[in-house]
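Mind looking over this structure? Questions follow.
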Amino acid sequence: MGSSSAAGLSKEGDKFHILAVDDNIVERLFVEKLLKGSAYKVTTADNGFRALEYLGLGDEPHMQISKISLVITDYCMPGMTGYELMKKIKESPDLKDIPIVIMSSENIPTRIEKCLEEGAEEFMLKPLQQSDVKRLRCHVMKINQLF
């Protein structure tokens, strides 16, 4: 089992581990299926708070089961937006280098620009396509090659 020396980054065997966050069950299952079809290991969360708990940043002490190679999150979620989730991850010294991709069904240029300027690797419009999933690999590969 190979893993990088960087905190928060991982490649387990040949599978990169992606945390997919979306409050909509149908969208979450669709993204999970697309990612698994591209040989990614996928963990899902139904909101930003659960994602933070999984990453070890929640209010409740939690043991992170395995390292994450990339986070893909919906922008519009109740309680915490994908943008707010990204900001919290980027504030963590151990997790700040994890690439984050934000997705949304709303094509709002000012929102997209703000997310990209403040740390998102990419902003993808829903519904995701197989070509979008293929683009994720370059972000995962780029960051994991640094370590």
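These numbers come from a predicted model, not from an experiment.
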- Query: Do you know which two heavy atoms are closest between Ile89 and Leu57, and how far apart they sit?
  - Reply: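 Heavy-atom minimum between the residues: CA-CD1, 4.3 Å.
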- Task: Go through the structure and list residues passing salt bridge (Lys or Arg N to Asp or Glu O under 4.0 Å) with Glu118, not counting sequence neighbours.
- Result: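 So Glu118 forms a salt bridge (Lys or Arg N to Asp or Glu O under 4.0 Å) with Lys87.
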- Item | Student check: side-chain heavy atoms of Leu35 and Val31 closer than 4.5 Å |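 The answer is yes, as the side chains (C-beta and beyond) meet within the 4.5 Å cut-off.
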- Query: Out of curiosity, Phe123 CZ to Ile102 CD1, how far, rounded to the nearest 0.5 Å?
  - Reply: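 Reported to 0.5 Å precision, the distance equals 6.5 Å.
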- Item | Lys114: partners by salt bridge (Lys or Arg N to Asp or Glu O under 4.0 Å), with sequence neighbours left out |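 Lys114: no salt bridge (Lys or Arg N to Asp or Glu O under 4.0 Å) contacts found.
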- Item | Side-chain touch Gln130/Ser38, heavy atoms, less than 4.5 angstrom |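 With C-beta onward as the side chain, the pair touches.
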- Query: Nearest 0.5 Å, what's the OH-CG distance between Tyr54 and Leu19?
  - Reply: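 Separation between the atoms: 7.5 Å.
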Which atom pairs, one a donor and one an acceptor, fall under 3.5 Å between side chains of residues 70-79 and the rest of the protein, sequence neighbours left out?
from: Asp74; atom 1: OD1; to: Lys126; atom 2: NZ; distance (Å): 3.1

- Which atom of Pro99 lies closest to which atom of Ser69, heavy atoms considered: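 Closest approach of Pro99 to Ser69: CD-O, 3.2 Å.
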- Nearest 0.5 Å, what's the CG-OG1 distance between Leu85 and Thr81?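 Here the rounded value is 8.0 Å.
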- Backbone of Pro127 reached by a side-chain donor or acceptor of Gln129 within 3.5 Å: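 Looks like yes, one N/O pair under 3.5 Å.
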- Knowing that exactly one of Leu95, Leu55, Leu52 qualifies, which makes a side-chain contact (heavy atoms from CB on, under 4.5 Å) with Lys88?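 Among Leu95, Leu55, Leu52, the one meeting side-chain contact (heavy atoms from CB on, under 4.5 Å) with Lys88 is Leu52.
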- Message: Please report the interatomic distance CE(Met103) to CG(Leu125), rounded to the nearest 0.5 Å.
- Response: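 Taking CE in Met103 and CG in Leu125, the distance rounds to 11.5 Å.
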- How close do Val42 and Ala20 get, heavy atom to heavy atom, and via which atoms?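 Taking every non-hydrogen atom into account, CG1-CB, 4.3 Å.
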- Note, His17 side chain near Lys67 side chain (heavy atom, < 4.5 Å):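 Heavy-atom side-chain distance check fails, nothing below 4.5 Å.
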- Query: Is Arg50 atom CZ crowded by more than 12 heavy atoms from other residues, nucleotides or ligands, each under 6.0 Å away?
  - Reply: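 Open.
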- Task: Check side-chain hydrogen bond (donor to acceptor under 3.5 Å, both in side chains) between Lys96 and all other residues, then give those that pass, not counting sequence neighbours.
- Result: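 In terms of side-chain hydrogen bond (donor to acceptor under 3.5 Å, both in side chains), with neighbours along the sequence ignored, Lys96 is linked to no residue.
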- Which pair of non-hydrogen atoms, one from Arg135 and one from His139, has the smallest distance, and what is that distance?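 Smallest interatomic distance, heavy atoms only, reads O-CD2, 3.5 Å.
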- Partner residues of Lys90 under the side-chain contact (heavy atoms from CB on, under 4.5 Å) criterion, sequence neighbours left out: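 Result, side-chain contact (heavy atoms from CB on, under 4.5 Å) vs Lys90: Met86, Ile100.
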- Message: Any heavy-atom pair between the side chains of Glu113 and Leu116 that's under 4.5 Å?
- Response: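 Not touching, per the 4.5 Å side-chain cut-off.
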- Message: Can you list everything that forms a side-chain contact (heavy atoms from CB on, under 4.5 Å) with Arg28? Sequence neighbours excluded, please.
- Response: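 Per chain and number, Arg28 pairs via side-chain contact (heavy atoms from CB on, under 4.5 Å) with Asp22, Ile25, Thr44, Asp46.
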- Side-chain contact test, heavy atoms from C-beta onward, threshold under 4.5 Å: evaluate it for Lys41 versus Phe16 and give yes or no.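 Result no, sub-4.5 Å side-chain heavy-atom pair not found.
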- Query: Looking at side-chain heavy atoms only, is the closest gap between Leu136 and Val101 below 4.5 Å?
  - Reply: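 Counting from C-beta outward, Leu136 and Val101 do come under 4.5 Å.
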- Within a strict 4.5 Å, meaning less than it, do heavy atoms of the Phe30 and Val26 side chains meet?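 Side chain of Phe30 against side chain of Val26, heavy atoms only: no contact under 4.5 Å found.
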